[in-house]
Amino acid sequence: MAKIATWNVNSIRTRLPHLLSWLKESPPDVVLLQETKVMDDQFPRDEIETLNYNIALYGQKTYNGVAILSKFPLEDVTTGIPGFEDEQARYIEAVTGGMRVASIYVPNGTEVGSDKFAYKLDFLKHLYTHIQTLLTYDEALILGGDYNITPSDEDVYDPKEWHEKILCSTEERNALRSIIYLGLTDALKAMHPDKKEFYTWWDYRAGAFQNNFGLRIDHLLLSPQAADCLKSCEVDRAMRTLEKASDHAPVICEIDL
DNA sequence: ATGGTTGCAGCGCAA
């Protein structure tokens, strides 16, 4: 049984104590990290390698940055979406433990209709094309990350307040739905089809976590070969309760290949 | 509540 997690850490250096204790207490086999916010030469490799993880990095100063940690050897590592010119470090892919995995940090978009929103849609368009190609490989494929999109109003604590706002607009939801309809399974939704108020991100402001004012924007999307072997998927809310927590909680699935 | 908080770099910007 392989355990695969995705987690937006919001700075690997600030979150390192939480990451290390989490890796010690309930070690996933594969960890897909987003928003590491550090250049590769400053990534805290030694502390993580000591816990028997291999590491693949695509970092950037101050913003963005993605990484893959794996108990298995990491092969065929690629960075960036093929065919998409992007100076921001938001995509890394590798083959590990009999699976192909990717850690994806979709642009936030800031505001519907803005230049950054256009960039978000462009990123999603190229991601769609790349996933089309990946699905022809007929592999166990796990696309984890901060997609910065709620699939539906069920994934929003206050759909009226968020109606057509960023992370919830029809246009970006359609882009995500198109990607899923290529043949992917939303692992958390598949394991908990009727669960309500099931979120992965809570704003730091205004006591959002304490009030469970959250959104579900972090996803593990699985190819049919991976989905057939899916045994569980959960949100690790406990990580969001800690002092100096990331604003995102990890999403973890178990796959019995 | 065009507010609120966090992380970064170095006090404005992105989220």
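Each chain gets a letter, A, B and so on, in the order its sequence line appears, and its residues count up from 1. All heavy atoms count here, side chains included; hydrogens, waters and symmetry mates do not.
- One atom, OH of A:Y63, and another, C1' of B:dG10, lie 12 Å apart when rounded to the nearest Å.
- A close approach under 4.0 Å does not occur between any side-chain nitrogen or oxygen of A:T110 and OP1 or OP2 of B:dA14.
- Rounded to the nearest Å, the gap between the P atom of B:dA1 and that of B:dT6 is 23 Å.
- Note on A:R177 versus A:E172: no salt bridge recorded, every NZ/NE/NH1/NH2 to OD/OE distance being 4.0 Å or above.
- Using atom C1' as the reference point in both B:dG10 and B:dG4, the two lie 23 Å apart (nearest Å).
- Here A:K116 reaches the OP1 or OP2 of B:dA14: one of its side-chain N or O atoms lies under 4.0 Å away.
- Cation-pi geometry between A:K71 and A:Y53 is met: under 6.0 angstrom from the ring centre, within 45 degrees of the axis.
- Between A:R240 atom CZ and B:dT6 atom C1' there is a gap of 10 Å when expressed in whole angstrom units.
- A salt bridge is defined here as a Lys NZ or Arg NE, NH1 or NH2 lying under 4.0 Å from an Asp or Glu carboxylate O, and A:R173 with A:D153 meets this definition.
- Taking atom C1' in both B:dT2 and B:dA14, one finds a spacing of 16 Å when rounded to whole Å.
- Straight-line distance between the P atoms of B:dT5 and B:dA9: roughly 22 Å, to the nearest whole Å.
- Between the P atoms of B:dG7 and B:dG3, the separation comes to 22 Å (whole Å).
- In terms of phosphate contacts, A:T14 brings no side-chain nitrogen or oxygen within less than 4.0 Å of OP1 or OP2 of B:dT6.
- Between the side chains of A:D236 and A:W22, at least one donor N or O lies within less than 3.5 Å of an accepting N or O.
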